[in-house]
Structures are given as C-alpha cells and as structure tokens.
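Written out below as structure tokens is the structure these notes cover.
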There are 2 protein chains.
Amino acid sequence: MTQSSGDFTAMFRDLSQRHGLACTHQRQVIYQALVTAKDHPTPEAIYESVRARIPSISLGTVYKNIKTFLEAGMLNEVSLHHGSLRLDARLEPHHHLVCRVCRNIVDLDEPDVAPASYTGRLPRGFRLERQNVEFIGICASCAKQQSSLTT
Amino acid sequence: MTQSSGDFTAMFRDLSQRHGLACTHQRQVIYQALVTAKDHPTPEAIYESVRARIPSISLGTVYKNIKTFLEAGMLNEVSLHHGSLRLDARLEPHHHLVCRVCRNIVDLDEPDVAPASYTGRLPRGFRLERQNVEFIGICASCAKQQSSLTT
DNA sequence: CATTACACGATAATTATTATCGTTTGTCAA
DNA sequence: TTGACAAACGATAATAATTATCGTGTAATG
C-alpha cells in the first residue's frame, strides 16, 4: 500500500512538474479521484469522494483544480456543450462540426457522413438506436487568434 | 407575407394538435424562432429573439415551452450532457455509449470502433483534429421501467 | 531558511434553470 | 357563440451549478 501510493505520488509530482503546476496534496487527491472513477463524474461527485480523505477541502478548490487540469490537457470533458442548453430543431438525422475553442457548431448533412460502427459487445439488454458523430477541430478565426498569442 | 406567415400558422396549429399541445401565440413564435435559427441557440438567445415580437413574454415561458417541445420530440438538444460538467480522465481516444433516458455513459474502446468519415467540404480554414462518436440508445433498466409505464 | 508567487478555504456573486401562484386564454361541447 | 375547465401565461421566488474575491497558508526556488 505504501508502495503503490508512493508510486502515485511520485508519478503525480512528475506529471505536475511537466505541466508547470505546483504539486499540492489537494491536487493529488483530486486527480486520483478523477482517474480512479469508473463512471464520468461531476465536480460535485469528485468533491464528495475527495472529502473522505480531506474533510476540510472546499468545493471551490475542486472546481478550480478541475479547470486547471482541463486547461493543462490532463483531463477531458465528456461534452463540449455543457453549461447552457443548445437546441436543434432539425429533426432529420445529421451530424456536427465543432470548434473546440469557440464551440460554434456547423451542421453536416447526413449523406456526406459515413457512420462509425462498433464491433464490440454491448452491455446486456442495451438497445442501440442511433449515433451522434462530432467532428472536432479548430475554426479559422480561432486558429488565427491562437497563433497571434504565441508570437 | 400574409401568405407565408399564414402557412406557418396553419402548419403549427396542425403540428400542435398532433402532439396534443394547445396552440398559443407564444408557442408559435418560440417554435418559429427555433426552426429559423441558423446556429444552435440557447434558451436565452431564443428569449431575446422572441422578445422582438412579443415584448411581454417571460423567460420562464420560453424555458417551459422548450421543455415541452423537447418532450414532444419536436426539438432536440445538441448534447445529452449539458447541465453539469462530466469529466473523463482517460486521455487515449475512445468513444461512448449513452442511454438517452438515464444518460449513463459507458466507455467503448477505440479498437472496437471504426470511425465515421466525412466526404463533404469543410468550412474554409477549419482544421479537423479528431472525432467523438456517441452511440445512443436505451439501457436495459430504463427500457424495463418505460415498458412498465405503458402497461 | 527566507522570499515570493501561487494555492487554499470561506464566502459572496453570478448564471442557468425550475417551481409557485394568481390571472388569462385556448379548447371543446352545449 | 358562449361558458366551463384545463392548461398556459407572466411575475417572481427558489434552487443548482459555477465563478470570483480575498485574506491566509504553503510549495518552489535559490
């Protein structure tokens, strides 16, 4: 146990250094909660889990560090469209092209998309109905802005 | 003008009847704002747009009717995962299987998924980086609950 | 081991969404 | 038509999710 938790500590120290982040106890425990979660937890769920090990931690700290991890690329969000509901009145099946920076969405017509396929096994009793494909990248105007930041 | 708006009114009256919804002026204007929106608007954006035609409308009415349209299947949400942020610490590319009712997420390994492909033209300057595929359906336990409701 | 910038915890503020409630309006049948 | 009733409306309060602020504490660096 000392062994494996020691390994994780060393790994996380190294990971933090590579991303230019201070290696704090809170961060380590939050990160461990994230990587060991089997489901796709919410910040609130991480907060609950971390509280078992650091009862005094603040919810704000959990949010702040999750954001830090996201910006550092140590973590992903399941959807680019949480936060505010976005609506789509086109009922015909179609797909989306999304800019990962400004999160603007462009419709792609169904006939231009060859669907993905899954060859593995589905969970028992799951009835598959459709699929959503999101093509993700960076749009022209966001790319221009980002390159001007690095010069 | 009288012609086309009359067409829409008649169409919407019919649509409402088919879904068992009262055909109110507010609903018609909200629905028209939704179908004519080129982007994928938020409830707030719809509210702003509708206010130009019905200055006295309440934001709550817009939310309520959007929810009504969603439940009736007259409208879709862009993502099943808005509302609360959901996190994913798996950095390797992989895809998701989602139950449209309980919105639980199961990871699908990348090797089991043959990706989609897009044969159309991308917007000028858009740099495509990756794709997210969401396989959507209904899980065993939600299917059981729904069938027990109809019996 | 002292300095300093960054992180922490507490808490207030903001944003997004839902609920409540009294009034108004669409629907349906007489 | 019109009158009854259920459903929808507008105003507003309440809740949920997230972000900002600020004084104190601690990791990194030399």
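In what follows, chains carry the letters A, B, and so on, assigned in the order in which the sequence lines appear, proteins first and then strands, with residues in each chain numbered from 1. Just the heavy atoms: all of them, side chains too, but no hydrogens, waters or symmetry mates, feed the values below.
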Value in whole Å for how far the [atom2] atom of [N] lies from [atom1] of [X]:
X: B/Leu85; N: C/dT15; atom1: CG; atom2: C1'; value: 15 Å
X: A/Gln28; N: D/dT26; atom1: CD; atom2: P; value: 17 Å
X: A/Asp14; N: D/dA28; atom1: CG; atom2: C1'; value: 16 Å
X: A/Arg51; N: C/dC8; atom1: CZ; atom2: P; value: 17 Å
X: A/Ile66; N: D/dT19; atom1: CD1; atom2: P; value: 10 Å

Check: Between the side chain of A/Arg86 and the main-chain N/O of B/His40, is any donor-acceptor distance below 3.5 Å?
Finding: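 Flag set: sc A/Arg86 to bb B/His40 pair under 3.5 Å.
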Check: Any donor-acceptor pair under 3.5 Å linking the side chain of A/Gln28 with the backbone of A/Phe12?
Finding: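 Judged by distance alone, no pair lies under 3.5 Å.
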Next item on the list: Go through the structure and list residues passing ring pair (Phe, Tyr, Trp, His ring centres under 6.0 Å) with A/Phe69, not counting sequence neighbours.
Entry: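 A/Phe69 satisfies ring pair (Phe, Tyr, Trp, His ring centres under 6.0 Å) with A/Tyr31 only.
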Within this structure, what is the [atom1]-[atom2] distance for the pair [X] and [Y], rounded to the nearest 0.5 Å?
X: A/Thr42; Y: B/Leu87; atom1: OG1; atom2: CG; answer: 7.5 Å
X: B/Ile30; Y: B/Ile57; atom1: CD1; atom2: CD1; answer: 4.0 Å
X: B/Leu108; Y: B/Phe135; atom1: CG; atom2: CZ; answer: 6.5 Å

Notebook entry, point to check: Looking at D/dA28, C/dT27, C/dA19, which one has an atom nearest to any side-chain atom of A/Cys23?
Noted result: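 Taking heavy atoms from C-beta onward, the closest nucleotide is D/dA28.
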Check: Is the count of non-hydrogen atoms from other residues, nucleotides or ligands lying under 6.0 Å from A/Arg13 atom CZ greater than 12?
Finding: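 Open: at most 12 neighbouring heavy atoms sit under 6.0 Å from CZ of A/Arg13.
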Item checked: Heavy atoms of other groups near A/Arg90 CZ, more than 12 under 6.0 Å ->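 Yes, the 6.0 Å shell around CZ holds more than 12 heavy atoms from other groups.
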Next item on the list: Determine the interplanar angle of the B/His94 and B/His96 rings, folded into 0 to 90°, and report it as parallel if under 30°, tilted if 30 to 60°, perpendicular if over 60°.
Entry: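 Correct class here is perpendicular.
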Note to self: OP1 or OP2 of C/dT17 versus the side-chain N and O atoms of B/Tyr63: is any pair under 4.0 Å?
What the structure shows: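 Answer is yes, contact under 4.0 Å.
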Check: Along nucleotides 6-16 of chain D, 5' to 3', which nucleotides get a B, which get an S, and which get a -, given that the test is a protein heavy-atom distance under 4.0 Å?
Finding: --SBBB-----
Next item on the list: Could you list by number each residue of residues 39-49 of chain B showing a heavy-atom separation from DNA chain D of less than 4.0 Å, or answer none if no residue does?
Entry: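 By residue number: none to list.
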Check: Roughly how bent is the helix from C/dC1-D/dG30 to C/dA30-D/dT1 end to end, in steps of 10 degrees, with each end axis from five pairs?
Finding: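 Axis-to-axis angle, ends of the helix: 50°.
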Margin query: Applying side-chain hydrogen bond (donor to acceptor under 3.5 Å, both in side chains) as the test, list every pair that has at least one member in residues 54-70 of chain A; sequence neighbours left out.
Written below: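 Counting only pairs at least two positions apart or across chains, the side-chain hydrogen bond (donor to acceptor under 3.5 Å, both in side chains) contacts touching residues 54-70 of chain A are A/Arg27-A/Asn65.
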Margin query: Please list all pairs meeting side-chain hydrogen bond (donor to acceptor under 3.5 Å, both in side chains) that have one or both residues in residues 110-127 of chain B, counting only residues at least two apart or in different chains.
Written below: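 Sorted result for residues 110-127 of chain B: B/His95-B/Glu110.
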